[in-house]
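Order of the sequence lines fixes the chain letters, A, B, ..., with proteins taken first and strands second; residue numbering starts at 1 for each chain. The analysis underlying the following values was restricted to heavy atoms, covering all of them including side chains, and did not include hydrogens, waters or symmetry mates.
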Amino acid sequence: AQTVTQSQPEMSVQEAETVTLSCTYDTSESDYYLFWYKQPPSRQMILVIRQEAYKQQNATENRFSVNFQKAAKSFSLKISDSQLGDAAMYFCAYRSARDDKLIFGTGTRLQVFP
Amino acid sequence: DSGVTQTPKHLITATGQRVTLRCSPRSGDLSVYWYQQSLDQGLQFLIQYYNGEERAKGNILERFSAQQFPDLHSELNLSSLELGDSALYFCASSASAGGQPYNEQFFGPGTRLTVL
């Protein structure tokens, strides 16, 4: 069975600085997708960024980028120029290419200090 | 706003009771998913429906059931409620099913269930 591990329960960053959130996963599959979701205090789950396993190029969405290391089964999220609005829980998620269910990690709470 | 609506926002009930959570997917989406977010279990996939048919099942208890109606809205029924069922229940929707590459799931705001 696939598993997703987020080993950092909490992280903090100064406004305008850069922070990296870690995620590792375990799977025997070769084709899958990885996601980072943001959950602010409103509890809404918001998709931040996605990565297809067959793509070598790391995904980027404005200030958000990932470092995808397929062999190491690692998928970290880098947030550049952190803003107060980035404060939230961040969940890493895995989805097989064979089905649609999302498997989530336990989350990392990010605090942003002015 | 994701376009997915869930009602009610909050629900407080007693042990042993039965409740129904409702979800309306984004316009045009055929798949509906239910997830449970609790302190001890984290975020867990419960069940998926696609165009009215059950598509996939996760860690859903036998006391829980779901269905998707012809207008594509979905309901999650929770019965014989226990204290441990207190959680945030999310509905998500996506356009298709079957592991399609760009089948993104968009989440609703959730229903907070409190069992006393």
Proximal component of [X], with respect to chain A [non-hydrogen, under 4.5 Å]:
| X | result |
| --- | --- |
| B:Q37 | side chain |
| B:A97 | both |
| B:L88 | side chain |

For the side chain of [X] and the backbone of [Y], is there at least one donor-acceptor N/O pair under 3.5 Å apart?
| X | Y | result |
| --- | --- | --- |
| B:R22 | B:T7 | no |
| B:N77 | B:T20 | no |
| B:S31 | B:S94 | no |
| B:Q68 | B:L72 | yes |
| A:Q51 | A:A59 | yes |

Checking [X] against chain B: side chain, backbone, both or neither under 4.5 Å from a heavy atom?
| X | value |
| --- | --- |
| A:L102 | both |
| A:R43 | both |
| A:D99 | backbone |

CG-CG distance between B:N51 and B:L30, expressed to the nearest 0.5 angstrom: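 Answer for the CG-CG pair, B:N51 versus B:L30, is 5.0 Å.
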Inter-residue atom distance A:I103.CD1 - A:S96.OG, 0.5 Å rounding: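 Here the rounded value is 8.0 Å.
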Within residues 103-116 of chain B, residues adjacent to chain A where the heavy-atom gap is under 4.5 Å: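 The residues closer than 4.5 Å to chain A, in numerical order, are B:N103, B:E104, B:Q105, B:F107, B:G108, B:P109, B:R112.
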For [X], look at atom [atom1] and say whether over 12 heavy atoms of other residues, nucleotides or ligands are found less than 6.0 Å away.
| X | atom1 | value |
| --- | --- | --- |
| A:K73 | NZ | yes |
| B:L39 | CG | no |
| A:R109 | CZ | no |
| A:N62 | CG | no |

Presence of salt bridge, A:E52 and A:R50, under 4.0 angstrom: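 So A:R50 pairs with A:E52 through a salt bridge.
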Proximity of residues 8-39 of chain A to chain B, residues having a non-hydrogen atom under 4.5 angstrom: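 A:Y33, A:F35, A:Y37, A:Q39 fall under the 4.5 Å cut-off.
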Considering all heavy atoms, the nearest B:D85-B:S80 contact: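 Where B:D85 meets B:S80 most closely, the heavy atoms are OD2-O, 4.3 Å.
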Most contacts with chain A, counted as non-hydrogen pairs under 4.5 angstrom, among B:Y50, B:Y33, B:Y35: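 Looking at each option in turn, the highest pair count goes to B:Y35.
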